[in-house]
Each structure stands twice: as structure tokens, then as C-alpha cells.
Asks: 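Below you will find the structure I want to go over with you.
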Amino acid sequence: CALLHLSVQNNFTKTNYTYCLLFDTLEWQSWTMNDVNRQGDVIIGGIFPIFNKQLSSTTSFERDPPGVRCALFDLRAYRWTQVMIFAIEEINNHPTLLPNISLGYRILNSCGSPPNALRAALMLVSSPEEMESSSLCPPPISAIIAEAGSSRSLVLAEAFGPFQVSYFSTCACLSDKTKYPTFFRTIPSDFYQVKALAALVKRFGWQWIGAIQSDNDYGRNGILAFTKEVKKFGVCVAFVGTVLQTYKMDKILHVVEMIKQSTVKVILAFVPKGDLYPLMKEVVKQNITGIQWIASEAWITAARPSTPEIYRSFGGAIGFVVRKMAIPKLRPFLAGISPYTNTGAAFVRDFWEVMVGCRPPLPGELPGTQAKSEMCTGAESLMNSQDAFFNVTELRVSYNVYKAVYAIAHALHHLLFCQPFEEKPHNTSSFQVTGHLQRVHFTNQFGETVFFDQNGDPPASYDIINWQLRDGQVQHVTVGHFASAANREYELSIQEEKIVWRTGKMVPQSVCSAVCPVGTRRARIQGKPICAAECTPCPQEYWSNERRDKCILKTVEFLSYHEPMGIALTAVSLIGAFLSLATMLVFIHSRDTPVIKASNSELSCFLLFSLFMCFLCPLTFIGRPTVWTCMLRHTAFGVTFALCISCVLGKTIVVVTAFRATVPGNKMAIKFGPVQQRIIVCSCTLFQIIICILWLKLNSPFPDMVFRYSKKKIVLECNTGSEAAFYAVLGYIGILAAICLVLAFLARKLPDNFNEAKFITFSMLIFCAVWITFIPAYVSSPGKFTVAVEIFAILSSAFGLLISIFAPKCYIILIKPEKNTKKHIGIGVVHCVLFFCVFHSIVFLNISYVTCGLTWWLDHS
């Protein structure tokens with residue numbers, strides 16, 4: 001018979017009870033499993049998937065079920081067992097850690113299946129089979145280092161009391177202390193791995209990805225948390241395929257078909273290596289390439305899939321793995337494994353057969369008795385082997401096993417040496433060890449601080465691994481790091497230039513829908529994933545934002561009083577109006593002087609008034625266009641300039657008729673008196689008023705939104721309504737100006753006493769030059785600059801009239817009053833004419849250059 005020793009914890013009283021139960025011998029035999037063990041004062045159990053596949057068997061229910069049979073010896077998992085043994089032997093030889101206390105171990109194989117992991121756990125907490133029934137119960141298992149899969153760890157954590165330290169179970173669900181109060185681990189939780197994977201997807205702008213999960217707690221919980229996390233960034237998961245090592249081929253083919261039919265270019269595989277390998281082989285077999293694979297830590301550094309054959313489809317894979325560490329003293333220990341020195345040790349013969357390629361003989365067995373495989377000669381050695389099994393410089397999961405052993409040892413040390421005791425600790429309760437493990441905080445020989453948070457998790461720290469092919473071998477190249485911060489934030493650093501993508505050096509693109517063109521937005525398609533969208537044009541008044549996910553109102557543009565150009569033009573306009581008003585006051589005040597009398601004071605005042613209105617006219621062009629300002633700006637401009645040029649025309653006719661009056665018998669001056677002058681001014685202006693009234697009546701100007709100048713702006717401007725009416729107004733002003741210019745030119749050789757014709761001639765030259773230059777500038781200027789050009793033309797021509805005609809007279813009245821006599825009027829005026837001719841030549845050239853420069857800038861901006 002055999003004794004089964006169970007340590008059961010009462011959840012309510014926190015009391016530990018020990019039971020020794022007798023099992024039927026036949027029933028116990030079917031539970032027998034090979035183990036590696038060593039006695040000690042305190043026993044630590046270990047469960048590892050040394051064989052990663054359990055062979056199925058048929059149960060007839062007519063006889064006892066056969067024993068567990070496993071296949072596919074895993075060198076990686078076997079090294080984990082050796083690291084555990086190595087760490088325990090180090091601790092036993094340590095002078096200050098657990099002095100005079102020997103640690104023992106018992107290690108079993110889980111075959112990579114949850115039922116077998118539970119069977120192994122029950123074997124651990126039972127008494128050894130060879131123990132006699134009269135013997136006392138041996139020291140109970142104080143802790144178990146297990147397991148390599150989250151599903152298996154969940155089974156163990158729920159089934160029995162001894163606390164468990166996992167080295168490779170990452171499911172975030174195991175952090176729930178209300179369900180698993182005695183579970184600890186030395187590998188970071190998937191909570192952080194999911195954060196890292198989501199940050200990677202966000203970093204490279206992948207919006208449309210696929211996902212592969214294993215049909216267990218690890219895969220389902222991982223993909224569920226990942227999907228929830230990436231949705232925050234607008235990422236869509238196109239499909240979720242499910243695989244498992246024990247699945248039949250039709251299920252694997254179904255997942256392969258999902259991959260082939262999808263348009264995704266990036267796929268996350270949150271699957272352990274054993275469950276993913278059948279899918280990988282099928283993907284390679286069907287030559288599915290061009291997919292960028294993202295890996296979880298469960299397979300990115302696994303040796304089995306890291307072959308040139310698998311690289312054909314999975315090359316460039318990128319994923320996260322726990323930080324690596326080197327244990328230099330471990331290599332001689334591993335190289336010393338031999339079936340000749342460890343006779344009878346479990347799993348050593350299987351290890352030797354895989355590593356050396358021959359089968360060591362059993363005691364008493366002769367070479368050649370079995371033809372199953374080549375028999376070893378006994379001369380084989382692993383001391384000089386270069387196999388990756390002996391590479392102890394890049395240990396990741398093995399280092400987690402090492403830390404787990406030392407964490408348990410420190411917890412035991414605190415328990416045993418921080419309270420009085422009188423006997424060896426074979427009755428140490430797991431509940432007591434659990435409490436001390438929660439408070440473990442030490443720095444190991446490699447400088448790393450080992451501790452657990454309130455959930456039993458270590459701090460998160462990952463390397464980013466990239467699959468690269470070098471010298472015909474798949475290399476796991478570190479291209480970045482990820483680490484958690486104290487406030488549950490993270491730090492992601494990637495050396496992109498070192499990454500080899502599946503597509504080469506270019507970052508692969510994976511979007512559900514093509515990027516919408518400018519001026520359109522992404523609109524979700526009903527019944528499809530959130531990132532499946534079509535491009536919908538934005539309304540005319542709107543424009544797409546940078547992400548192309550919504551339409552925003554375009555910027556409205558018009559010449560305002562608040563911008564520098566508007567402020568400058570307003571200031572110049574007001575200065576001109578002030579000068580016109582000041583000149584009028586000077587003329588009224590000095591109306592009895594010879595200069596004023598010689599220049600027809602009444603027409604001069606009319607002209608100054610019209611110039612005053614011309615200078616105020618640009619104020620209607622500045623500001624947001626409205627119905628009233630649009631109607632006012634063009635009609636006011638047309639009427640005021642018609643009045644202005646009519647006054648100039650009247651003055652020109654007065655000069656000509658005055659000269660003709662000196663001819664004997666000519667009575668023209670008598671016929672062209674003040675009344676006739678008023679009639680000419682009023683009639684010429686009235687004709688322009690009639691044109692403007694017809695314009696407003698038939699097709700008046702109106703505010704308009706113009707979209708042709710810029711795709712991102714709405715230009716508010718006044719539409720002239722009728723281009724013909726607008727050019728009729730301009731044409732009429734031009735006709736009046738041309739008549740004035742011709743008449744003034746004909747009178748240019750009059751005596752000095754009547755030389756006002758020269759001022760009129762020069763002012764009309766400036767006026768015509770400005771408005772001739774205005775036409776191409778007006779046509780070619782976009783948006784608010786059209787208004788600016790028109791204001792510039794109005795102000796330039798108005799200043800030309802004001803300065804050319806009135807500045808010489810003001811110069812004599814204000815600066816040289818002694819020359820304001822009939823005797824000096826001619827000579828003084830001649831000098832003034834010469835001065836102002838030069839002055840206006842410079843002004844005219846500047847006007848031309850500025851106008852041309854403004855036009856060029858507008859064309860090239």
C-alpha cells in the first residue's frame with residue numbers, strides 16, 4: 001500500500017491539517033510517474049513539461065487504464081529542471097543562507113497537459129511509493145515551482161494548498177489574490193505584456209490586424225485583454241483564430257484559410273510554442289508569406305520553431321520576452337550530465353539520446369540487443385559541445401526558475417531564523433512560507449532586486465526580439481526594451497534601424513481601409529468592424545482633419561481690421577482723409593489770396609470734398625462682407641471718383657476757356673461761368689449715379705464664399721453681381737480721366753499764370769498709370785489680396801490727385817506766403833512744378849514697382 005500525504009488549508013480558520021490516506025495498490029500504480037528527487041530537511045517540488053505532448057490512449061473500462069505516456073522530449077524544459085537542481089545545490093553550499101538546513105527537491109514531468117500537471121501535483125504532496133507503511137510521514141512539500149503554462153498553473157492553484165511559484169505562467173487572471181492567494185511568479189503578468197504589445201501596434205500605426213489564440217486560459221485571456229487595449233487606439237482585430245496542440249488538422253486548416261482570405265498584413269500570435277507549431281508548419285507548407293507576425297513571450301525565443309524552414313514565412317517576427325541573464329557557473333554543471341555518472345536518474349537517458357544521438361545501455365544490457373536506435377559506446381562526452389543547450393549567457397525562463405528557487409530559500413530563511421525553533425523544519429507550513437514570501441526583498445548575485453507586489457507579481461521588464469537570419473541560422477536579435485514604471489505607466493524604446501521586417505527595411509502597413517484623400521472623412525460601414533470605413537466627401541464649407549475621421553469647418557478669410565494689412569490700409573486711408581479735410585480748411589481760410597483765386601476755389605473745394613470721400617471709401621472694403629457693404633463699396637467708389645474726375649474736368653475746361661478768352665472776340669469764358677461748371681460736374685456725376693442705380697437694381701453686388709483659391713479656406717468677398725456693370729463704372733471713370741488728360745495736355749504750353757494744366761496733366765498720368773496697372777493685378781490676385789489691390793489703387797490715385805494739384809498751392813500759402821502775390825505767382829509755381837515733377841516721378845516708379853512686386857508674390861505664394 002501507499003500513503004498519500006495532503007496538506008489542506010482551511011480558508012476560514014487558516015489552520016493546516018495533515019492527512020495520511022491509504023490508497024489501493026492497483027489504483028496507485030496507474031498514478032506512478034518518473035521523478036528526480038533528493039531528500040532534505042525542507043522539500044521543494046517542481047513540475048516541468050519535460051515531454052511536451054501526452055500520447056492519447058483508449059480506455060475500455062474493462063481493465064485498469066494504462067499509465068501516462070509522453071512524447072517529444074523538450075531540451076528547453078529539461079534545462080529548467082537542471083537550473084532548479086543547480087540553484088538548490090548552490091543554496092545548500094551557501095554559508096549564510098539557510099545554514100545547517102538542507103534543501104531537497106522532487107521534480108516531475110507534466111507532459112504539457114493540465115490533467116497530468118494535476119496528477120504530478122498530487123504525486124508531489126503524497127508520500128514516496130517506496131516508503132514503508134510504518135514510517136513517519138516525510139517532510140511535506142513546502143513549495144512547488146510550477147508551471148510553464150497558465151492553464152496548468154490555474155489547475156494547480158485551484159486544486160490544493162501548498163503555495164506555488166510559477167516561472168512561465170503569465171495570465172493576468174492569476175494576479176487575483178482573492179482566488180489564488182498562494183500563487184506567485186517570477187515572470188511578469190500578461191497585464192504588462194498586453195500593454196507592451198498594444199504600444200508596439202500603436203508605435204507602427206497598424207490599424208487592422210489578425211489574432212491567433214490558444215484554446216486555453218493563456219490565449220483567451222491574453223487576446224481578450226489585448227483587444228480591449230488596442231481599441232483605445234482605434235485598432236480593429238479582423239479575426240481571432242484558435243489553435244491547440246491536440247486539435248485535428250481540419251481545425252488548423254480552418255485557421256489557415258482565415259489568414260489567406262483576410263486582408264490583414266499583421267497578425268499577433270498569443271500562443272505557446274507547442275500549440276502554435278502545427279499552424280506554423282501548415283503556413284509554411286502553403287507558402288503564405290508577406291505577413292508580419294507579432295509574437296508573445298511564449299514562442300518568440302523558442303528553439304523548436306526557430307529554424308530556416310519556419311523563417312520562410314515567419315521571418316522578421318517581432319515580440320516581447322523577459323530580460324535575459326547569464327549564469328556562468330551553470331555551464332560546467334550542465335556539461336556534467338551523463339547517464340554513466342547519474343545512473344538511474346529520470347530523463348537523463350532521454351536527454352542523452354537527443355543530444356548525442358545514441359541510446360545509453362541499461363545496466364546488464366548488451367550492445368546490439370535492440371535495433372530501435374544506435375547504442376552508445378560510453379566514450380561520448382558533452383564537455384566541448386556547442387549546442388544551444390549549453391549557452392548560459394542568454395537565459396530567460398531558466399533565470400526565472402533560478403530566481404524562484406532563491407525567493408523560496410529567502411522566505412524559508414526568514415521563517416526559520418526570525419523565530420525560535422527547536423527541531424528541524426519538516427513540519428513547516430506552506431501558509432507560513434506564503435506570508436514570508438510576500439515580504440521577500442533581496443538583491444541577488446547578479447545585482448537584480450527580487451520582490452513581489454501585492455498580487456504576487458514581479459516588476460515588468462521585457463526585451464523586444466526580432467527574428468533575423470544570419471549565416472543560415474535564425475537569430476533572436478534584441479531591438480528594444482519595455483519596462484513598467486511605478487505608476488503603472490510604461491516606457492517603450494525601439495531601435496527601428498536594427499529591425500528586419502518581413503517586407504525588408506520598410507515598416508509594413510496594415511490598414512482596414514485605404515487612407516482617405518484630402519477633403520474626405522472616414523465613415524463607418526454598418527455591420528463591419530469599426531475601422532472598416534468608406535471615404536465620404538466633406539461638405540463644401542468643411543475640410544477633413546489630419547486623421548481624416550471628421551470634417552471641420554474651413555478657415556474663413558477676409559481682409560479684417562485686426563490684421564497688419566488691414567490696419568495699415570485703414571491708417572493710410574484716414575491720413576488721406578485728414579489731409580484732404582485740412583487742405584480744404586486751408587483753402588477756405590485763404591480763399592481771398594491770389595493763389596486760391598487763380599485755381600477756382602469753388603471747384604477746388606468740390607474736388608477736395610470728393611477726395612475726402614475717396615479716402616473714406618476703402619473703409620467699406622475692409623471687414624467681413626455683408627449685403628450693405630458690398631453694395632456700398634463699389635457704388636461709393638464709382639460715384640466719388642466720378643465726382644472727383646468731374647471736378648478735375650471742370651478745372652481743366654476752365655483753364656482752356658480762360659486761355660481762349662484772351663483771343664479778341666472770343667466770348668467762351670463768359671459762356672463758361674460758375675453755373676456751367678456746376679452743370680458739368682453734376683451731369684458727369686449724375687451719369688455715374690444712373691449706372692450705379694441700374695447696377696443695384698438689376699444685378700447688385702452680394703457677399704459670396706469663394707472656394708477656388710484654397711482647399712482649406714473659405715474666402716469671403718463681394719461678388720460684383722454684374723461684371724459688365726463693374727467694368728462700365730471703371731470705364732466711365734477712365735473716359736473722364738482720358739478727356740481730362742487730353743485737354744490738360746493740349747493746355748500744357750499756356751503762360752505760367754495758367755499753368756495749373758501741368759499739374760492736372762501730371763495727376764492724370766499718375767491716375768491712368770495706377771488704374772492701368774490695377775487691371776492685371778486685380779485679375780491675378782487671390783482672395784483678400786484682390787480687395788487689398790483695389791484699396792491700394794484707390795489710395796494711390798487719390799494721393800496722386802491730392803499731391804499733384806494741391807501740394808504746390810499749400811507750399812506757397814504755408815511755406816512761402818511772401819510769394820502769394822500776382823507778381824510772384826508764375827515764378828513760384830514754375831519752381832514748384834519742377835520739384836513736384838521729380839517727386840511724382842519717384843512716387844510713380846515706386847507705385848509701379850510695388851504693384852508689380854505684389855502681383856508676382858501673389859502668383860507665387
Side-chain angles (χ1 to χ4, degrees), residues 556-577 611 613-625 629-638 640-641 644-645 701-710 713-734 737 765-802 843-861:
V556 178
E557 183 183 79
F558 57 90
L559 186 60
S560 69
Y561 289 102
H562 304 291
E563 60 183 296
M565 186 183 296
I567 295 171
L569 292 174
T570 301
V572 174
S573 178
L574 294 177
I575 291 171
L611 288 173
M613 297 301 296
C614 287
F615 280 118
L616 293 180
C617 186
L619 299 180
T620 62
F621 286 79
I622 304 173
R624 189 183 188 93
T629 56
C630 286
M631 290 191 296
L632 182 61
R633 66 170 59 171
H634 289 101
T635 54
F637 156 72
T640 54
F641 263 88
C644 180
I645 303 303
F702 58 90
D704 191 16
M705 291 188 295
V706 182
F707 303 94
R708 65 179 180 273
Y709 299 128
S710 174
K713 294 180 181 179
I714 301 174
V715 178
L716 295 184
E717 64 179 28
C718 287
N719 192 309
T720 56
S722 172
E723 292 288 337
F726 175 68
Y727 286 110
V729 169
L730 289 181
Y732 180 69
I733 295 172
L765 283 174
I766 295 175
F767 185 89
C768 293
V770 168
W771 286 100
I772 290 171
T773 311
F774 160 78
I775 294 172
Y778 180 83
V779 172
S780 61
S781 300
K784 64 182 180 181
F785 298 106
T786 305
V787 180
V789 168
E790 192 168 355
I791 294 174
F792 179 79
I794 292 171
L795 294 176
S796 299
S797 55
F799 271 112
L801 290 171
L802 179 64
V843 171
F844 174 71
L845 289 174
N846 281 301
I847 289 172
S848 301
Y849 282 128
V850 170
T851 306
C852 294
L854 179 62
T855 303
W856 181 89
W857 179 76
L858 292 173
D859 286 339
H860 293 81
S861 62

Asks: Walk me through it: do L795 and S573 pass the test side chain to side chain contact (heavy atoms under 4.5 Å, CB included)?
Replies: CA-CA 7 Å; L795 294 176; S573 178; 4.1 Å; yes
Asks: Enter the distance from S796:OG to L801:CG here, rounded to the nearest 0.5 Å.
Replies: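 Here the interatomic distance stands at 11.0 Å.
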Asks: Going from CZ on F637 to CZ on F726, what distance comes out if it is rounded to the nearest 0.5 angstrom?
Replies: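 That separation rounds to 6.5 Å.
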Asks: Would you say that F785 contacts M565 through its side chain, given a criterion of any heavy-atom pair below 4.5 Å between the two side chains?
Replies: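 Result yes, sub-4.5 Å side-chain heavy-atom pair found.
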Asks: Under a 4.5 Å cut-off applied to non-hydrogen side-chain atoms, are L611 and C644 in contact?
Replies: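 Touching, per the 4.5 Å side-chain cut-off.
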Asks: Is any side-chain heavy atom of F621 closer than 4.5 Å to one of L632?
Replies: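 In short, these two side chains do not touch, never coming nearer than 4.5 Å.
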Asks: Side chains of L616 and T640: does their closest heavy-atom pair fall under 4.5 Å?
Replies: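 Side chain of L616 against side chain of T640, heavy atoms only: no contact under 4.5 Å found.
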Asks: Nearest 0.5 angstrom please: T570 OG1 to H562 NE2, how far?
Replies: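 If I round to the nearest 0.5 Å, the distance is 10.0 Å.
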Asks: Could you walk me through whether V556 and V715 pass the side chain to side chain contact (heavy atoms under 4.5 Å, CB included) test, one step at a time?
Replies: CA-CA 6 Å; V556 178; V715 178; over 6 Å; no
Asks: Tell me every residue that passes salt bridge (Lys or Arg N to Asp or Glu O under 4.0 Å) with E557, counting only those two or more places apart in sequence or in another chain.
Replies: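 Checked E557 against salt bridge (Lys or Arg N to Asp or Glu O under 4.0 Å); matches are K713.
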Asks: Decide yes or no for F641 and F767: does some side-chain heavy atom of the first lie under 4.5 Å from some side-chain heavy atom of the second?
Replies: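 F641 vs F767: side chains touch.
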Asks: Given L569 and L559, is the side chain to side chain contact (heavy atoms under 4.5 Å, CB included) satisfied, shown in steps?
Replies: CA-CA 10 Å; L569 292 174; L559 186 60; 4.1 Å; yes
Asks: Whether the side chain of Y561 engages the backbone of I622 through a donor-acceptor N/O pair (distance < 3.5 Å, no angle test) should be reported.
Replies: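 Pair found, side chain donor or acceptor close to backbone of I622.
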Asks: Look up atom SG in C614 and atom CD1 in I794, then write down how far apart they are to the nearest 0.5 Å.
Replies: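 Rounded to the nearest 0.5 Å, the SG-CD1 separation comes out at 8.0 Å.
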Asks: Taking all non-hydrogen atoms of both residues, which atom of T629 and which atom of R624 are closest, and how far apart?
Replies: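 Here T629 and R624 meet closest at OG1-O, 4.2 Å.
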Asks: To the nearest 0.5 angstrom, please state how far the OG1 atom of T786 sits from the CD1 atom of I791.
Replies: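 Between atom OG1 of T786 and atom CD1 of I791 there are 11.0 Å.
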Asks: Do V729 and H634 have side chains that get closer than 4.5 Å, going by heavy atoms?
Replies: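 V729 vs H634: side chains apart.
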Asks: Using 0.5 Å steps for rounding, measure from the CE atom of M705 to the CZ atom of F558.
Replies: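 Answer rounded to 0.5 Å: 13.5 Å.
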Asks: Are any non-hydrogen side-chain atoms of F799 and V572 less than 4.5 angstrom apart?
Replies: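 Yes, at least one pair of side-chain atoms sits under 4.5 Å.
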Asks: Counting only N and O atoms by type, is there a donor-acceptor contact under 3.5 Å from the side chain of E563 to the main-chain atoms of S560?
Replies: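 Judged by distance alone, yes, a pair lies under 3.5 Å.
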Asks: Which pairs pass salt bridge (Lys or Arg N to Asp or Glu O under 4.0 Å) with one or both residues in residues 714-731, sequence neighbours excluded?
Replies: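 Pairs touching residues 714-731 that pass the test: none.
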Asks: Can you name the nearest heavy-atom pair linking F707 to I714, along with the distance?
Replies: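 Minimum heavy-atom separation between F707 and I714: CE2-CG1, 3.6 Å.
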Asks: Are L716 and V706 close enough that some pair of their side-chain heavy atoms sits under 4.5 Å apart?
Replies: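 They are not in contact (no side-chain heavy atoms under 4.5 Å apart), so the answer is no.
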Asks: For the Cys pair C718 and C630, is the SG-SG distance shorter than 2.5 Å?
Replies: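 Looking at C630 and C718, their sulfur gamma atoms lie closer than 2.5 Å, so the answer is yes.
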